Amino acid sequence: MKEIIINTTITVYNQIVDLPTDVQSLMSQAIATRKNAYAPYSNFRVGAALFLENGQVVLGSNQENAAYPSGLCAERVAIFQAGTLYPNVKILKLAITAASDTNPTVSPIPPCGACRQSIAEYEFKQNTPIEIYFMGESGEVYKSKSITNLLPLSFDKTSL
């Protein structure tokens with residue numbers, strides 16, 4: 001038997017204004033997009049903004065459906081749109097923000113498991129880490145240098 005120790009490093013910013021200027025802009029776009037979320041069931045709105053290598057920003061917000069599995073998270077909306085519009089352009093940064101219509105959301109909200117797997121697929125595809133910044137409605141912003149910090153034992157094409 002052996003033991004494997006997995007370490008995760010997250011950088012913590014106290015608030016948006018402490019972020020680098022380009023990331024402040026990206027997060028501001030995610031916040032604006034969060035307001036466009038279609039979340040009549042959960043009342044939990046998420047916005048995502050991707051910064052691409054070509055300078056483009058791609059946005060996404062969560063889209064719910066009465067048949068719950070049919071909805072899609074903001075992160076995947078943005079990533080799949082980037083994959084469609086810019087199939088060979090690397091994703092460099094991802095900003096995520098989440099807010100509840102009923103409860104204050106002041107802790108950073110990371111991507112769900114399905115979104116982590118989707119982010120991992122694109123990170124593996126492009127062979128370049130994607131910086132991920134995430135926050136609640138306000139307060140601290142967490143930064144991960146790569147999805148491997150949030151999904152350390154990843155499943156990818158080499159597993160097939």
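No experiment lies behind these values; they were computed from the predicted model shown.
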* Does V77 share a hydrophobic cluster with V89, counting links as ILVMFWY side-chain heavy atoms below 4.5 Å and allowing steps through other members? -> yes

* Do L85 and L50 belong together in a cluster built from hydrophobic side chains that touch within less than 4.5 Å? -> yes

Distance from [X] atom [atom1] to [Y] atom [atom2], nearest 0.5 Å?
X: S42; Y: Y68; atom1: OG; atom2: OH; value: 7.5 Å
X: L153; Y: I4; atom1: CG; atom2: CD1; value: 7.0 Å
X: L151; Y: C115; atom1: CG; atom2: SG; value: 11.5 Å
X: L150; Y: I10; atom1: CG; atom2: CD1; value: 5.0 Å
X: I130; Y: K145; atom1: CD1; atom2: NZ; value: 16.0 Å
X: S107; Y: E137; atom1: OG; atom2: CD; value: 12.0 Å

Going by side-chain hydrogen bond (donor to acceptor under 3.5 Å, both in side chains), name the pairs with one or both residues in [range], residues two or more places apart or in two chains.
range: residues 150-160; result: D156-T158
range: residues 74-86; result: Q56-Y86
range: residues 43-54; result: R45-D101

Are [X] and [Y] close enough that some pair of their side-chain heavy atoms sits under 4.5 Å apart?
X: S25; Y: F51; answer: no
X: C73; Y: P111; answer: no
X: K143; Y: I132; answer: no
X: L52; Y: V58; answer: yes
X: S61; Y: R34; answer: no
X: F80; Y: Y122; answer: yes

* Asked: Sequence neighbours excluded, which residues qualify as salt bridge (charged side-chain N to carboxylate O under 4.0 Å, His left out) partners of D22?
  -> K93

* Any side-chain donor paired with an acceptor under 3.5 Å for E123 and S146? -> yes

* Test side chain to side chain contact (heavy atoms under 4.5 Å, CB included) applied to I109 and F44, step by step -> CA-CA 11 Å; I109 307 294; F44 190 76; 4.1 Å; yes

[X] side-chain N/O to [Y] backbone N/O, donor-acceptor pair under 3.5 Å:
X: Q15; Y: V17; value: no
X: Q126; Y: I91; value: yes
X: N62; Y: V46; value: yes
X: E131; Y: L94; value: no
X: T8; Y: N149; value: yes

Which heavy atom in [X] sits nearest to a heavy atom in [Y], and how many Å separate them?
X: G60; Y: A74; result: O-CB, 3.5 Å
X: G136; Y: T97; result: O-OG1, 2.9 Å
X: A49; Y: L59; result: CB-CD2, 3.6 Å

* **Remaining members of hydrophobic cluster (4.5 Å side-chain criterion), V23** => Y13, I16, L19, M27, I31, Y133, M135, V141

* Those residues that, when tested against A66, pass side chain to side chain contact (heavy atoms under 4.5 Å, CB included) (two or more places apart) -> Y41

* Asked: Between F134 and Y142, how do the two ring planes meet: parallel, tilted or perpendicular, split at 30° and 60°?
  -> perpendicular

